[in-house]
Amino acid sequence: MKRDHGFDVDPLTDFAICCGQSEAFAAAVFAIIDPGDEVLLFDPAYETYQTCIELARGVPVYVPLDPPSWTLDADKFLKSFTSRTKAVVLNSPHNPTGKVFSKEELLIISQACQQMDCFAITDEVYEYITYDENKHISLASLPGMQQRTIITSSLSKTYSVTGWRIGWACAAANIATAIRNIHVKLTDSAPAPFQEAALIALTSTPDYYESLKKDYAERRDFILQLLKNYGFHISFKPQGSVFVFAELPKSWQISDIDFVTNLINNAGVAAVPGRGFFHTDADDQSYHHRYVRFAFCKSDETLKAAAQKMMKLVKS
């Protein structure tokens, strides 16, 4: 945290080590959200955020990002705040779209959080997986934000160990204490042997992170070309994360669920229907049924096999 973001943090007081980012996020929500508190989320959104907020008896309030580049509309965002707003959730790099929030967008979010005196909870699990000229900026690094931001992250994506379930929350000491008090009631502790291994991973040299980006960038470009060959028009090139959120061609009279079902049944390739990531009123948002999320965090062999099966389906 000190090296990459310039934070002044104390490892003994400002961290809670949890069973993955998912538990760290849940513990953070349970620590700060009271019944009736509103929490702003950007839509589309990763599925588990809403459940955690509702379990804490909070109220999720969704702010739609504008396709195809998933840009933040400052006016929509600012109008979503009320006297009951307690926190803003920010996931960047973003799942499912692959968007990396810009410095300008982060400044809008940080200024609003300070003006409305609310927390920010960030999910930064893809922080080291960004492409081209895009760089991850932690919201907490902006002026006035470290003391009101709870950062959640994990080993899972950076070190390709999703099954180890080692994650953390980083926050001001009083908030970190509250998160730890929740954590010990949820899962007691994260696996000790994996924590020992985490110490080795966290000493990785800068060239590791560069090779990680390079390898994933090649996989991203491979799947983008595959989808173009398949008939997709890619209007937004992922800036980070391990996903492509691709819109079905307008000429295809098929929904996201129908497309995914057909792909699984006839090509043996799985993807995720986009509608599960949208939460705002679908009656006014026809594009909610037009997106499919593809993951490219796979071996070269798996990606090539998927390409062969998909192109065989096209020819048939």
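In this text, all values refer to a predicted model and were calculated from it rather than measured experimentally. Worth knowing before you read on, the calculation uses all heavy atoms, side chains too, and leaves out hydrogens, waters and symmetry mates.
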message: Working note: Q50 + E54, criterion side chain to side chain donor-acceptor pair (under 3.5 Å); need CA distance, chi angles, decisive distance, verdict.
response: CA-CA 6 Å; Q50 177 175 337; E54 291 177 340; 3.0 Å; yes

- prompt: Salt bridge check: are D300 and K304 linked by an N-O gap of less than 4.0 Å?
  reply: no

message: Angle between ring planes, Y208 versus Y159, binned at 30° and 60°: parallel, tilted or perpendicular?
response: parallel

field: Donor-acceptor under 3.5 Å (Y128 side chain, K213 main chain)
entry: no

field: Flag, side chain of T82 to backbone of R84, donor-acceptor distance under 3.5 Å
entry: yes

message: Please identify which of these residues, Q21, M1, E127, meets the side chain to side chain contact (heavy atoms under 4.5 Å, CB included) condition with S153.
response: E127

- request: Check whether any side-chain N or O of H289 sits under 3.5 Å from a backbone N or O of Y287 as a donor-acceptor pair, and report yes or no.
  value: no

message: Has Q239 got a side-chain atom pairing as donor or acceptor with V100's backbone, closer than 3.5 angstrom?
response: yes

message: Would R165 pass as a cation-pi partner of F194, given that its NZ or CZ must be under 6.0 Å from the six-membered ring centre and within 45 degrees of the axis?
response: no

- prompt: Are the side chain of R290 and the backbone N or O of D256 linked by a donor-acceptor pair below 3.5 Å?
  reply: no

task: Please step through salt bridge (charged side-chain N to carboxylate O under 4.0 Å, His left out) for the pair R148 and D117, ending with a clear verdict.
output: CA-CA 9 Å; R148 65 175 66 247; D117 192 23; 3.3 Å; yes

field: Exam field: side chain R180 to backbone F15, donor-acceptor pair closer than 3.5 Å
entry: yes

field: Candidate pair N174 and T177, rule side chain to side chain donor-acceptor pair (under 3.5 Å), full reasoning
entry: CA-CA 5 Å; N174 61 327; T177 296; over 6 Å; no

message: Test side chain to side chain donor-acceptor pair (under 3.5 Å) on H233 and E247; report intermediate values, then the result.
response: CA-CA 7 Å; H233 172 70; E247 185 176 11; over 6 Å; no

field: Lys NZ or Arg CZ of R293 over F243 ring: under 6.0 Å, within 45°
entry: yes

message: As a quick check of understanding, evaluate side chain to side chain donor-acceptor pair (under 3.5 Å) for N91 and Y126, giving each step before the final call.
response: CA-CA 9 Å; N91 170 214; Y126 300 104; over 6 Å; no

query: What's the verdict on salt bridge (charged side-chain N to carboxylate O under 4.0 Å, His left out) for E105 and K99, showing C-alpha distance, side-chain angles and the deciding distance?
result: CA-CA 12 Å; E105 290 172 323; K99 169 188 174 64; 2.9 Å; yes

